[in-house]
Structures are given as C-alpha cells and as structure tokens.
Asker: 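Provided herewith is a single structure, encoded as structure tokens, for subsequent inquiry.
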4 protein chains.
Amino acid sequence: MSISKIKTPIVILNFKTYLESSGEDALELAKLLESVSIESGISMVAASQATDIYRINQETDIPILAQHIDPIAPGEHTGSNLMEVMIESGISGTLLNHSEQRMKLADIQNVVESAKRRNITSVVCTNNIETSVASATFNPEFVAVEPPELIGSGIPVSQAEPEVVKGTVNRVKDINKKTEVLCGAGISNGDDMAVAMDLGASGVLLASGIILADNPKEALLDLVSKI
Amino acid sequence: MSISKIKTPIVILNFKTYLESSGEDALELAKLLESVSIESGISMVAASQATDIYRINQETDIPILAQHIDPIAPGEHTGSNLMEVMIESGISGTLLNHSEQRMKLADIQNVVESAKRRNITSVVCTNNIETSVASATFNPEFVAVEPPELIGSGIPVSQAEPEVVKGTVNRVKDINKKTEVLCGAGISNGDDMAVAMDLGASGVLLASGIILADNPKEALLDLVSKI
Amino acid sequence: MSISKIKTPIVILNFKTYLESSGEDALELAKLLESVSIESGISMVAASQATDIYRINQETDIPILAQHIDPIAPGEHTGSNLMEVMIESGISGTLLNHSEQRMKLADIQNVVESAKRRNITSVVCTNNIETSVASATFNPEFVAVEPPELIGSGIPVSQAEPEVVKGTVNRVKDINKKTEVLCGAGISNGDDMAVAMDLGASGVLLASGIILADNPKEALLDLVSKI
Amino acid sequence: MSISKIKTPIVILNFKTYLESSGEDALELAKLLESVSIESGISMVAASQATDIYRINQETDIPILAQHIDPIAPGEHTGSNLMEVMIESGISGTLLNHSEQRMKLADIQNVVESAKRRNITSVVCTNNIETSVASATFNPEFVAVEPPELIGSGIPVSQAEPEVVKGTVNRVKDINKKTEVLCGAGISNGDDMAVAMDLGASGVLLASGIILADNPKEALLDLVSKI
C-alpha cells in the first residue's frame, strides 16, 4: 500500500529493535496499529526491521517503511539492505538517516533519487533546522526533524523546542512546497501531537512512547485524541 | 534447523544482494539448494538477505545463515540487524566480517560470544592466514578464508593460492581444534571444491559462481561431484 | 593567513597522501606553490596532511587548508582531527566531505558551523549538482564539485561534464549568492582551468595532475596561463 | 627515538584531543613528560595528535606514538593518517584500535604488519581478555587492555577488574611470549600503577588522570612512586 499520497496527519511508529516490536510481536503491533488507524481515521505507518517486513505485509494492510536502505545497486554486497527486495517484500517507503543510522550526504541523495524512480516514499530524519533544509533540497516526501538530545527522553520536542519544529516547517517550505515536515523525539501523548500539528507539522515519528507503554493501544488512541 | 553439528563437507551459498537471489527468486534458489543437498547428500546452507529469512524458513528446511548481525542488544537501534529476531525468523547461524561487511575486532568477538550463548553457528570470514588465526581465538564454529583479490574473480583460491588454504588450516588447528576452515573466493566447480577439501578445508563459501551460472542446478551438482 | 576574503580565481592543491607531497617534500611543494602564486598573481592554497600543517605554516606564507576536520569538541577523542589545534598550527580553512573522506550530513553541517564561528573557510566537496545545492544551504565559502568517476582520470570535468559545473554554479547561486563554486576531477592544464572559469567556477581543486607531473612548477604555471 | 627496545615499566600518556594537550600545550606537556621520565628513570611516551608530532619531535627527545594510523599506502587518500609521513615526522610507534578509534580486524593486522616492516612499535588497544588474545596473534610489541566502562571513570582497572589484567597477561603469554601487556582505564596514581605491575602488566596507558590533574607533574611523579 502506497503512502505517497497518504492523508496527513500521519503517525509513523519506528519499531526499532525492541523485542516488544520484533518477530511475532512486531506482527501483533502492526495489527494493532492497523486497527487503531481504522478506528481513529488517522494514517498510521509501521517502520519495521528488515526481517519482519515480508511477514507484516503478508498479514496486514498497514503501510510499511524500511528503517534504512543502503545506497547500493543489486549485486556484490553482503549484509546490506537492498531497495529492490524490500519493495518486493512490501515496503511503501523508507526512513533514511535516522539518528541511530546517520548517512553520508551523497548516500542520502542517492537513495532519495532511487526511491523516487521506484515510486516509494522517503522520510529523511534530521537533527536540526539546517540539516532539514539541506535534506529538503532533495525533494523527499517527508523530513522528520528530531533533536537528538530529546530522543527517548520523554520530553516532547513540540513543547521543549517548538522553535525547531516551527523553524523547520517555515524554512523547508521556502525550499520546497512539496516536502512535508514531521517531528519526533520525546513525543508520546495527545498533547504532544496536538502541539506538533499546531506548529505546522504534518505528523509525528515516535517509538518508545508507544512500544514500551503499559497499554500501547490506549497510548495510540490518546496520541491522536486531540487533533 | 541447526548447523552446529552439521556434517561436513559443507557448501555455503552467499545469496548477497543479487536480484537472482532476492525475494521470490531467493525462495526458488533456496528450494533448489535443498533439493540438490538431498540428492547429493552434501550439506548445503543458504546465507540470505535479512528480508528473505522468514520466508525461506517458512517454505524450506534448508539451514539459513544471516549475512551479517550487528553487535547490538535489543532496544534503541534503527536499521540494524538484531540477532534475536533473526533467530526467531529461522536462522541457524550467521556470516560475520564478510569482505563486503568488514567488522571491528571488538564487534566480531561480541557477536561470536552472543551466538554461542544462543546456540547458533558463527562463520567468520577472513582475508588471510593471520586474520583467520586471530578469529579462531574466539572459537567460532567456522572460519572462511577468502583472499579479497580473488572474490568474484573466477580464479579459485584453492588453485591460485593453495598455501593460504593450507596455512590457514594448519595454523587454525594449532589455536583451536574445534574451529573448521572453509575457503572461498573464485570457487565455482567440482575441481575447485575437490582441491579445497584436499587442502584440508571442511567446505566452501561461494556466490556468483552458482547464482549467476546459466544453470545453477547443474553448477551445484558439478560443485560436489568430485568429493 | 586567511583565505576567507581571498581573491578568486583560486587554485587549491590537495596534497593527499602522496609521498611526493608528504613531509619534507610537502614543504618543498608548498614553497613552490607560494612562489608560483606570487609569480602568477593567482591565489594558491595547500591542502596538506595534518602532520605537515605546522611545518608548512612555520616556513611559508601559503594559506593552508586541512584535508578533513572531525565533528568533535576538544576532549576524549583519540586519533581525530581537532579544529582548534589545526587553527593554532596554521590552517585558514578546511576541505570537508572529500570523495576520499565522505561525511555524514549532520557532521558536515556541524563542522561548517564551527568553522564559521572561528572565522576559517569551509570548502565542501560534492559529487553532483544535487549534493552541491544541499551543501550550499549551510553557507560554506566554497563548494567544490567533483564527479567521482573523473577524479584522477585525467579527463577534466570542465570538458567532460560542463553541464555539471554550469548547473552547480547556477543552482548554488539560487540558494546562496555568497557560496562560490570550484570544480575538480581531472583538471590538470591551462585549458581545463580556462574552461572551468568560463563555466562560472571561481577556481579549481586538483591533485595528481600537478603533484605527479614531471615538472610541477611548469604544470602550475601552465594551469593558470589562460585565465 | 625508538621504543621497540624500551625498558619497561612504561607509561604511555594519551594526549587525546584535550586543549590541555594540544598545540603549544602539547609541547609543554611533552617536555614535562620528558623531564619526569629522566628524573624518575621510568620510560615515558607521548601519544600525540597528528598535528603536534613534528613539533614535539623537533623540541624534545621524548618517544612519540601516533594515536592512530590508517591502513593505507601512500597515494590517493584525503584526510587520512599515513604511516610514512608520521615516521618522517618523528613517531616511534602508534596506538591502534583505541576505544575512541576502533578498527576493523583486517585493518589492525594490516597496520601491525606495516609497522613491523618499518621497525616501529604497535600498541594495540583492546577491550577484554578475548580481543587481547586475538590481537596478540599479530605479534605487536604491546597490547593495552582497557575495559571501556572504566575509561575516564576514575575507577582503576587494576583494582576494579584485576582478573582482566591478570587474565590478559596469562593468556597473551600462552599465545606469544614477546607481546607485553599494558593496562589502562581509570589509572591515575601510584597505587593504581603498582597494582597493575603486580598483576603482571608492563606498564600503563592513561590520559585524563594526568592531563586534567591540578598539577600534572606531581601526578606523574606520584604515578611512578610505588614501583
């Protein structure tokens, strides 16, 4: 399922490599995401580990992002993430340059171009306004700005550094009206997401706030309760 | 299916990221490997991309290796290869330190240790006698020596540099009698494999010689025809 | 000596790690560069190895660039290139993101910002028009576009891919009128440089064409003979 | 000045990239190290930043180590640390694989071999007994074991994890009688060093405990006061 024309606001859940979002549990979480998406009417997307993409795609209709794709063509590479096989396995797009998987400038551009040619969505993660602007020059569908000091902190970027979200939205629009801005880092509840939307974001990227919640379903429903 | 007590000689086919060994074609190739293994009585193993592990495990009984595992514990990592989810998805072991995915010394030791604790097999790839000896001190089940200049060359290591294979076998045995030596690089036919076994190797690691062959089944049957 | 207000056109000679431009020979080459710069009236700059910066600065007045600076603050780092000590040792600026030392997006931005705060010049190397535009959003003094397939080829970018130079100049100016464009890859003689200037470049970045020339002095004089 | 036949015990001071041990201050610290070495009769060595090697070598007789050397031959490399120019500038050897600059297995072996051919000393840093043993198979002059969790902690490895030091000494000797073991991490005073020597170490590798001390000279004198 394509997310290139997906309705915003959008919630991207980065499954990372938590056991709670791996293998059988990744599948359960993807199903939960799908049901809450239907129930709430808000677009939700699963960014799953490479190993789980095929399986989630077989058993759900949730749009899937890769967590990373390497800047390689098919051929002599061992242990790399190949775009072609991930598309065949069911991804609609990919995160790129996540703070836990930073990429070289030339490699980001290379993979965003490849993604465009194959009609899949690029979500380029960035650490501040300046790198968001630079990334936006490549025309990805989304830039997701996440100040690294707030990732996993429980302190929401939309409240701790609203000027980063607002500044990114404004300066990215100057470069390129088609790239939408997401925000991440510390986002976990409905207030955080509502503030993010008020600041001009088109959605959020989050992980532990939902995956490690006592009740992920309630956490997801709360997340989208105020928009 | 475990390969830790697998019968040698062994053939490990590195699927790399060729389109011919990705997705649906990876599954077909794994099935072929399985049938030739049964037909020939020689142990064969598929080292597949992360994305294809689950699927190959669901539809075949061929032992599967990951192509690479990252030195991480479950948790806050994006775009990494987690051992736990790969085991749940069906691997029996992993390649490590392939020439296309060289690893830091401390990371090789870390992953070999983790693999031991979880009873999966480590195949540490190396580039010469000296790094084979160093790797053998970690007690992996296999060391696979592949002179990088011969990889994908069509010139078999067992014939071009027999002293590397023989030297690796001898010096690894001095360190550690339980680690077996495989050889790779340029291996493609029955003569190459026969010479490798004569030099003391317990099997071979190969890729393009089979995957890109006009007739992979014939190529596999030929590979094991002289042992 | 500062190059931040240097007169263009400019010739940056990347000393790389050739023996011909290391140690004592680096010093001789820097002196040659200085004398040809005075003789020709064209600005010339030496991008030397870290080990040679202090020495070249002690014995010449040629402006010196580092070949790379790491995105670190002073402190607990071993084997890294620290901006502060390089400035104290005599650099006026630095190459960044050279094709032989590609950097992560966030790290390029980090070092360009640090360079600005300390009034040293950033020359961000790039591989195509798109990464040049992205780099220009950080407002470095120079972007040096070098198609990687032409580096060290002897085929000058200014003649083989003039549209890359022209396109970079035009699109960088749209982003930022203060960033000047250099071009590199395959540049070695007066014709190459003249064409580069005609295409809008403010100078050239080169290495083997001069350093490995039979007569580097003649090669340098020829380089600037047609502008 | 060569350290290959240096008298043990040995104190290696890693200058890292502290401002207190950079540029002019690096030179002062090297002179201090030299005078304390003469005064105490204990061998002392400076592991300085690349930028400061030439200068320290010009003005002192202290043996100098590089903090890192890249696995490259002279030629087309930008921003790398070339062994040849560092030797010409005055190093007697190099640290390798420091916890702040971990190296790939094949690269460690490559640089240790190159160092041997050029008669300079290799000090391979390691994180535990197992990687110490693996490194010792390359026959470097020294292995310096530093449990990463103790680096910069102020808690001395010789007291917190004596079994790591003792185990490394014993197991390295089994592999190779010529490789001597140093220990690092948290070492700062005379008691720490005395215990290290009692455990079989041939010396220590340290940094902040001396460099950031209120009085580095007193700290150095204290360090060697109980052996």
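The basis for the numbers below is simple: all heavy atoms, side chains too, and nothing from hydrogens, waters or symmetry mates. In the text below, chain A, chain B and the rest are named by the order of the sequence lines, each starting its count at 1. Computed from a prediction, not measured in an experiment: that's the story for all the values here.
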Asker: Please determine, among T131(C), V133(C), D174(C), the option with the most heavy-atom pairs under 4.5 Å with chain A.
Answerer: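 Sorted descending by pairs with chain A, the first entry is T131(C).
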
Asker: Does NZ in K173(C) sit with more than 12 non-hydrogen atoms of other residues, nucleotides or ligands closer than 6.0 Å?
Answerer: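 Result for NZ/K173(C): enclosed.
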
Asker: Identify the residues of residues 79-89 of chain C whose heavy atoms come closer than 4.5 Å to a heavy atom of chain A, ordered by number, or report 'none'.
Answerer: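 None at all.
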
Asker: Measure N128(C) against the heavy atoms of chain A and call it side chain, backbone, both or neither at under 4.5 Å.
Answerer: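 The side chain, not the backbone.
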
Asker: Mind jotting down which residue pairs meet the salt bridge (charged side-chain N to carboxylate O under 4.0 Å, His left out) criterion with at least one end in residues 201-212 of chain A? Sequence neighbours excluded, please.
Answerer: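 Pairs touching residues 201-212 of chain A that pass the test: none.
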
Asker: Hey, could you give me each pair passing salt bridge (charged side-chain N to carboxylate O under 4.0 Å, His left out) that has a residue in residues 184-209 of chain C? Not counting sequence neighbours.
Answerer: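 Every salt bridge (charged side-chain N to carboxylate O under 4.0 Å, His left out) pair that includes a residue of residues 184-209 of chain C, provided the two are not neighbours, is D191(C)-K226(C).
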
Asker: When rounded to the nearest 0.5 angstrom, what distance separates CG in N139(A) from CD in E130(C)?
Answerer: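 One gets 9.5 Å once the value is rounded to the nearest 0.5 Å.
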
Asker: Any residues in residues 105-117 of chain C near chain A, with a heavy-atom distance under 4.5 Å, and which are they?
Answerer: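 Listed by number, the contacting residues are L105(C), A106(C), I108(C), Q109(C).
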
Asker: With rounding to the nearest 0.5 Å, note down the distance linking CE in M103(C) to CZ in R102(A).
Answerer: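 So the gap between those two atoms works out to 13.5 Å.
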
